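Each remark here refers to the structure printed beneath this line.
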Amino acid sequence: MTHNPPDDPVVALLRGAGCVFAEQEAAILREHARDATELDDLCARRASGQPLEHLVGWVQFGNLRLSVGPGVFVPRQRSLLLARTAVAAARARVSPLVLEAFCGVAPIAASVANAVPGVGLHVVDADDTALAFARRNLPGGSGIHLGAGLGPLPTHLRGRVDVIAAVPPYVPDSARGLLAPEARDHEPPRALLGGPDGLDHVTALISAAREWLAVGGELLVEMNTAQYDLIVRDGRAGPSYECSAVSGDDGQTAVARLRRTR
Ligand SMILES: C[S@@+](CC[C@H](N)C(=O)[O-])C[C@H]1O[C@@H](n2cnc3c(N)ncnc32)[C@H](O)[C@@H]1O
């Protein structure tokens with residue numbers, strides 16, 4: 001990694017703009033810029049609130065460097081919990097078939113591809129810009145499907161998928177104002193917001209997934225812990241699933257684990 005000079009004006013600019021990791025960001029921008037003019041331009045755009053990952057075109061996700069860019073959701077570090085859970089679930093099966101729904105640039109599918117040789121992969125998203133990045137992040141031969149929910153999946157996958165993993169949009173509509181400006185101003189609202197309690201897409205996915213999962217297959221969905229409690233309390237998973245949760249170290253993130261029992 002490029003080192004920053006002492007009394008670095010780039011670090012000072014980024015810190016003044018509220019960047020918490022100003023030193024690291026300055027080093028990344030310096031490494032990315034081809035000359036001083038481009039560095040000035042990148043710093044100004046970062047200071048105005050554009051996500052670092054949109055500017056440099058990648059995000060570090062575990063041991064993977066994933067392609068990402070303007071107009072799409074940037075994978076969050078908290079989703080490594082879902083990635084690890086999906087890898088473990090896939091490894092527990094012979095010749096697993098794994099689907100990432102609401103995939104964006106496909107961080108979970110890419111993590112599974114990297115850790116589970118021979119896995120069969122499919123991803124779905126309603127945004128073709130996100131899918132263009134997903135295509136770069138996934139091995140050739142992955143099934144990449146454009147459309148809403150699980151609607152565009154090929155019918156031959158019905159009842160055959162071992163693991164469905166998803167980070168659907170799950171921010172309650174009323175919490176939009178609480179989002180970091182990077183997200184609120186630079187990521188598409190439809191990648192973030194999930195209705196009055198944030199669970200519109202989650203609830204629809206739980207209902208749709210049953211048809212695609214093999215019996216014994218698992219639906220793994222990231223949400224916050226309070227939302228998981230709501231799903232269990234309201235019985236939203238229905239009688240076809242056995243429910244449990246994996247909790248993140250941040251005390252907020254949960255991966256709901258719904259195993260299709262019948
Ligand atoms: C929170 S982002 C998660 C993306 C990715 N899984 C990740 O963790 O980086 C949600 C994604 O859902 C997609 N999306 C929103 N509504 C959708 C729908 N009705 N059907 C399919 N995808 C949808 C958005 O385009 C976005 O890429």
Side-chain angles (χ1 to χ4, degrees), residues 51-54 57-62 64-87 98-114 121-138 142-153 163-173 175-176 178-180 182-184 186-209 211-212 219-224 227 248 250 252-256:
L52 177 74
E53 297 83 357
H54 284 177
W58 56 267
V59 58
Q60 194 67 35
F61 189 72
L64 299 178
R65 187 173 276 202
L66 299 176
S67 190
V68 71
V72 304
F73 182 88
V74 177
R76 307 298 202 257
Q77 298 306 307
R78 61 175 166 266
S79 300
L80 287 168
L81 177 69
L82 175 61
R84 283 194 295 270
T85 309
V87 165
V98 174
L99 163 70
E100 182 176 0
F102 299 91
C103 70
V105 306
I108 311 304
S111 301
V112 173
N114 186 52
L121 281 176
H122 289 264
V123 300
V124 198
D125 200 282
D127 179 353
D128 56 356
T129 307
L131 287 183
F133 288 105
R135 190 164 277 111
R136 293 187 212 164
N137 293 326
L138 292 172
S142 305
I144 297 178
H145 311 283
L146 173 67
L150 303 183
L153 288 177
V163 180
I164 300 179
V167 184
Y170 63 85
V171 176
D173 293 350
R176 184 171 194 275
L178 303 177
L179 290 168
E182 276 104 333
R184 199 183 52 231
H186 297 281
E187 292 178 323
R190 86 161 169 185
L192 301 166
L193 303 176
D197 61 7
L199 290 170
D200 284 4
H201 293 290
V202 173
T203 308
L205 177 63
I206 290 173
S207 149
E211 173 188 350
W212 299 95
L219 170 62
L220 306 171
V221 191
E222 181 184 298
M223 59 190 71
N224 69 48
Q227 289 173 319
D250 61 5
Q252 294 182 357
T253 308
V255 171

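Just so we're clear, the structure is a prediction, and the values are computed from it rather than from any experiment. Counting convention: from 1, in listed order, for ligands and their atoms alike.
Between Gly151 and ligand 1 there is no heavy-atom distance shorter than 4.0 Å. Using a 4.0 angstrom heavy-atom cutoff, Arg76 does not count as in contact with ligand 1. Under the 4.0 angstrom criterion for non-hydrogen atoms, Glu222 is not in contact with ligand 1.
Atom 3 (C) of ligand 1 has as its closest protein heavy atom Val167 O, 3.2 Å. Atom 18 (C) of ligand 1 has as its closest protein heavy atom Phe102 CE2, 3.7 Å. Of all protein heavy atoms, the one lying nearest to atom 5 (C) of ligand 1 is Cys103 O, 3.1 Å. Here the heavy atom of the protein found nearest to atom 19 (N) of ligand 1 is His201 CE1, 3.7 Å. Taking atom 15 (C) of ligand 1 as the reference point, the nearest protein heavy-atom neighbour is Arg190 O, 3.1 Å. For atom 2 (S) of ligand 1, the nearest non-hydrogen atom of the protein is Ala191 O, 3.4 Å. Protein heavy atom closest to atom 9 (O) of ligand 1, with residue, atom name and distance, is Phe73 CD2, 3.3 Å.
Salt-bridge annotation for Arg76 and Glu222: absent, with no side-chain N of the basic residue lying under 4.0 Å from a carboxylate O of the acidic one.
For the pair Glu100 and Val112, the minimum side-chain heavy-atom distance is 4.5 Å or more. The side-chain heavy atoms of Gln227 and Val202, taken from C-beta on, include no pair separated by under 4.5 Å. Side-chain atoms of Ser79 and Phe61, non-hydrogen and from C-beta on, do get closer than 4.5 Å to each other. Looking at heavy atoms from C-beta onward, Pro168 lies out of side-chain contact with Asp200 at the 4.5 angstrom threshold.
For ligand 1, the atoms sitting less than 4.0 Å from at least one non-hydrogen atom of Gly147 are 20 (N), 21 (C), numbered in the order shown with element in parentheses. Remark: ligand 1 atoms within the under-4.0 Å shell around heavy atoms of Gly149 are 18 (C), 20 (N), 21 (C). When each atom of ligand 1 is checked for a heavy atom of Pro107 under 4.0 Å away, the hits are 5 (C), 7 (C), 8 (O), 9 (O). Proximity to Gly104 (heavy-atom distance under 4.0 Å) selects the following atoms of ligand 1: 4 (C), 5 (C), 27 (O).
Note: His201 and Phe102 have perpendicular aromatic rings, judged against thresholds of 30 and 60 degrees for the angle between ring planes.
Taking distance alone, with nitrogen or oxygen atoms compared against 3.5 Å, Asp127 stays at or beyond that limit from ligand 1. Considering both main-chain and side-chain atoms, Ala126 comes within under 3.5 Å of ligand 1 through a nitrogen or oxygen pair. Note: no N/O pair closer than 3.5 Å links Val74 and ligand 1 by distance alone. Ligand 1 has a nitrogen or oxygen under 3.5 angstrom from a nitrogen or oxygen of Asp125.
Taken from OG in Ser207 to CG in Leu150, the straight-line distance is 9.5 Å, to the nearest 0.5 Å. To the nearest 0.5 Å, the span separating CG on Leu179 from CD on Glu187 amounts to 8.5 Å.
Gln77 places a side-chain N or O within donor-acceptor distance of the main-chain N or O of Gln60, the cut-off being under 3.5 Å. Under a 3.5 Å cut-off, the side chain of Arg190 and the backbone N or O of Ala126 do form a donor-acceptor pair.
Across all non-hydrogen atoms, the minimal contact from His54 to Val72 is NE2-O, 2.8 Å.
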